Amino acid sequence: MTAFWLMKSEPEVFSIDDLADKQTSGWDGVRNYQARNFMKDMTVGDRVLFYHSNASPSGIAGIAEVCRTAYPDPTQFDKKDGHYDPKAAPDKPIWFQVDLRFVSKFPRFIALDELRGISAIQDMMLFRRSRLSVQPVTPQQWRIITKRGGG
DNA sequence: GCCAACGTTGGC
DNA sequence: GCCAACGTTGGC
């Protein structure tokens, strides 16, 4: 069954517009076990809220979908990459990524302030687990947010 | 740039 | 296995 997620990216590094340009992109660089485990749970066709973090303002910018399930993140093996992990080896990968495909950019960006004002979504992990960069979203939360965003 | 929150590491 | 130190995330 299709599941719903929220994934954070700093727009200075990779924004919804960057994904729109590329159409598909690997979601590399995740170095948190809980976030990794959520990515391992994803299946092709799952829908993703693309969240801009560390932005002004931060908030939800659009929608993507999973187009490839979890596979080893190559940056963990690359000494020259900032996400290099010396404990990982190609036969013993630690970190995984999925690939995302661009679906849409919201006509109405939904800032964090506005999200905080929607009473029906206050149990989102976004508010309770502030630092988790990959997190599940319930169908109800998905419906409310995508309706607000206009697409 | 600051700093609170919080996940990870490492000494014991 | 505890927990202090440390590093990172992310809002502001």
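A, B, ... follow the sequence lines: proteins, then strands. Residue 1 opens every chain. Hydrogens, waters and symmetry mates play no part in the numbers below; they use all other heavy atoms, side chains included. No experiment lies behind these values; they were computed from the predicted model shown.
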Can you measure [X] atom [atom1] to [N] atom [atom2] for me and round it to whole angstrom units?
{"X": "A/D85", "N": "B/dG7", "atom1": "CG", "atom2": "C1'", "value": "15 Å"}
{"X": "A/Y33", "N": "B/dT8", "atom1": "OH", "atom2": "P", "value": "7 Å"}
{"X": "A/N32", "N": "C/dT9", "atom1": "CG", "atom2": "C1'", "value": "10 Å"}
{"X": "A/R36", "N": "C/dT8", "atom1": "CZ", "atom2": "P", "value": "19 Å"}
{"X": "A/M7", "N": "C/dT9", "atom1": "CE", "atom2": "C1'", "value": "16 Å"}
{"X": "A/H83", "N": "C/dG7", "atom1": "NE2", "atom2": "P", "value": "18 Å"}

- Message: My understanding is that only one of A/Q97, A/H83, A/R31 makes a side-chain hydrogen bond (donor to acceptor under 3.5 Å, both in side chains) with A/T75; could you say which?
- Response: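 It is A/R31; the other options fail the test.
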- Query: If you look at every strand shown and take non-hydrogen atoms under 4.0 Å, does A/R129 touch a base, only sugar-phosphate, or nothing?
  - Reply: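 It contacts sugar-phosphate atoms only.
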- Would A/D123 and A/R128 pass as an ion pair if we require N to O under 4.0 Å?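 Answer for the salt bridge query: no.
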- Indicate whether OP1 or OP2 belonging to B/dT9 is found under 4.0 Å from a side-chain N or O atom of A/K87.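 Indeed, a polar side-chain atom of A/K87 lies that close.
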- Message: To check you understand the geometry: which heavy-atom pair defines the closest contact between A/S53 and A/P11, and what is its length?
- Response: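 Smallest interatomic distance, heavy atoms only, reads O-CD, 3.1 Å.
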- For the residue pair A/W5 and A/D41, establish whether any side-chain heavy-atom pair is separated by less than 4.5 Å.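 The answer is yes, as the side chains (C-beta and beyond) meet within the 4.5 Å cut-off.
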- Message: Please check this pair: side chain of A/R36 against backbone of A/V30, looking for a donor-acceptor N/O pair closer than 3.5 Å.
- Response: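 No, A/R36 side chain to A/V30 backbone: no donor-acceptor pair under 3.5 Å.
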- Query: Within the side chain of A/R68, is there an N or O that forms a donor-acceptor pair under 3.5 Å with the backbone of A/G26?
  - Reply: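 No; zero donor-acceptor contacts below 3.5 Å.
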With the criterion being N/O to N/O and under 3.5 Å, what pairs connect the protein with nucleotides 10-12 of chain C, and how long is each?
{"residue": "C/dG10", "atom": "OP1", "partner": "A/K8", "partner atom": "NZ", "Å": "3.1"}
{"residue": "C/dG10", "atom": "OP1", "partner": "A/R131", "partner atom": "O", "Å": "3.1"}
{"residue": "C/dG10", "atom": "N7", "partner": "A/N54", "partner atom": "ND2", "Å": "3.3"}
{"residue": "C/dG11", "atom": "OP1", "partner": "A/Y51", "partner atom": "OH", "Å": "2.6"}
{"residue": "C/dG11", "atom": "OP2", "partner": "A/N54", "partner atom": "N", "Å": "3.0"}
{"residue": "C/dG11", "atom": "OP2", "partner": "A/S58", "partner atom": "OG", "Å": "2.7"}
{"residue": "C/dG11", "atom": "N7", "partner": "A/N54", "partner atom": "OD1", "Å": "3.1"}
{"residue": "C/dC12", "atom": "OP1", "partner": "A/R116", "partner atom": "NH1", "Å": "3.1"}
{"residue": "C/dC12", "atom": "OP1", "partner": "A/R116", "partner atom": "NH2", "Å": "3.3"}

